[in-house]
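In this text the structure is predicted, and so the values were computed from the model without any measurement. Only heavy atoms go into these numbers, but all of them, side chains included; no hydrogens, no water, no symmetry mates.
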Amino acid sequence: MDAQSERQTSIYSPPFYSSPTGYKMRARLYMNGDGNARHSHMSLFFVLMRGRHDAVLKFPFAHKVIFCLYDQTASKRHLVDSFRPDIRSNSFQRARSGMNIASGIPKFCPLNMVKPDGCDYVQNDTMFIRIIVDFENTPKEFL
C-alpha cells in the first residue's frame, strides 16, 4: 500500500558482503516500479557500498549480478534475471560515500505476478529474493 500511494517508493535490504573479505552491497526494491516501469513492474536494483575491504578489491566491479525471486509453492517456478555491470558507470566504481547509485533491472517482474492474493511469490506478506554475484572468471587467489 505504501508503494502504491508513493509514501515509500523503495526499500533497501540490509547491507551484506559477497564473501567475508568481499564487496559490500545491498538490494533496492521498488515494489511499484521505478522510472518507465512505474505502475507496471517491480524494479530490482543492486547497490555497491563502501566496505571494509575495498583497498584490496578490484574496481570497477565487473561481475555478473543475478537476481532470483523465489516461487514459494511446490512448483518452484523461480523468476531469475541478470545483468552485467557497465564498468564505465559510477555505480560500479569504488564507493566514495556510503553507497553508489543503484543499477539493475527496472522491469524485473510484472506487478500482476506479485499481487498478494493467491501469489506464488508472496506468502504471508513475505517474498524471498536472492542476489548472486558470479565470480566464475575471477582467479581463485582474488577470492
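- Relative to the six-membered ring of Tyr12, Arg26 meets both conditions, a distance below 6.0 Å and an angle of at most 45° to the axis.
- Side chain of Asp71 to main chain of Arg77: a donor-acceptor pair is present (N/O by atom type, distance under 3.5 Å, no hydrogens or angles).
- Residues Phe67 and Gly104 share a closest heavy-atom pair of CE1-CA, 4.4 Å.
- One hydrophobic cluster holds both Phe108 and Val122 under the rule that ILVMFWY side chains link at heavy-atom gaps under 4.5 Å.
- Here the closest non-hydrogen pair linking His53 and Gly22 is CD2-O, 3.9 Å.
- When all heavy atoms of Gln93 and Asn100 are compared, the closest pair comes out as O-ND2, 2.8 Å.
- Aromatic ring centres of Phe61 and Tyr23 lie closer together than 6.0 Å.
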(request) Output, in order, the C-alpha distance, side-chain angles, deciding distance and verdict of side-chain contact (heavy atoms from CB on, under 4.5 Å) for Met127 and Met31. (result) CA-CA 11 Å; Met127 71 171 55; Met31 279 298 298; 3.9 Å; yes

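- Note on Tyr17: it does not cluster hydrophobically with Met99, by side-chain heavy-atom contacts below 4.5 Å among ILVMFWY residues.
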(request) Apply side-chain contact (heavy atoms from CB on, under 4.5 Å) to Asp81 and Leu69, showing your working. (result) CA-CA 9 Å; Asp81 203 348; Leu69 174 61; over 6 Å; no

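- The structure places OG of Ser13 at 5.5 Å from CD1 of Ile131, a figure rounded to the nearest 0.5 Å.
- At least one side-chain heavy atom of Ile66 sits under 4.5 Å from a side-chain heavy atom of Val80.
- Between Asp120 and Met113, the closest side-chain pair of non-hydrogen atoms is not below 4.5 Å.
- Ser43 contributes atom OG, which lies 10.0 Å from atom CD1 of Ile105 (distance to the nearest 0.5 angstrom).
- By the 4.5 Å heavy-atom criterion applied to side chains, Asn32 and His39 are counted as neighbours.
- Pro20 and Arg52 make their closest contact through O-NH2, 4.5 Å (heavy atoms, listed as atom of the first residue, atom of the second, distance).
- One hydrophobic cluster, built from ILVMFWY side chains closer than 4.5 Å, holds both Leu57 and Leu48.
- To the nearest 0.5 Å, atoms CG (Asp34) and CG (Leu44) are separated by 11.5 Å.
- Taking both residues in full, the closest heavy atoms of Thr126 and Gln72 are given as O-NE2, 2.8 Å, listed atom of the first, atom of the second, then distance.
- For Asn90, the CG atom is loosely surrounded, since the number of other residues' heavy atoms within 6.0 Å does not exceed 12.
- Nearest heavy atoms, Met49 versus Ala95: C-CB, 3.7 Å.
- When the side chains of ILVMFWY residues are joined at heavy-atom separations under 4.5 Å, either directly or via intervening members, Ile87 and Phe83 end up in two distinct hydrophobic clusters.
- Of the possible polar contacts, none joining the Ser103 side chain to the Ser91 backbone as a donor-acceptor pair under 3.5 Å is found.
- Hydrophobic clustering (side-chain heavy atoms under 4.5 Å, transitive across Ile, Leu, Val, Met, Phe, Trp, Tyr) keeps Tyr70 apart from Tyr121.
- Here the side chains of Phe45 and Pro106 are in contact, with some heavy-atom distance below 4.5 Å.
- Taking the six-membered ring for Trp and the full ring otherwise, the centers of Phe59 and Phe92 sit at least 6.0 Å from each other.
- Taken to the nearest 0.5 Å, the CG atom of Asp134 stands 12.0 Å off from the OG atom of Ser18.
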(request) Please assess Ile132 against Lys64 for the test side-chain contact (heavy atoms from CB on, under 4.5 Å), listing each intermediate value before the final yes or no. (result) CA-CA 8 Å; Ile132 301 164; Lys64 181 179 178 181; over 6 Å; no

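- For the atom pair CE (Met42) and NZ (Lys107), the distance works out to 15.0 Å, reported to the nearest 0.5 Å.
- Atom OG of Ser40 is separated from atom CG of Leu111 by 6.5 Å, given to the nearest 0.5 angstrom.
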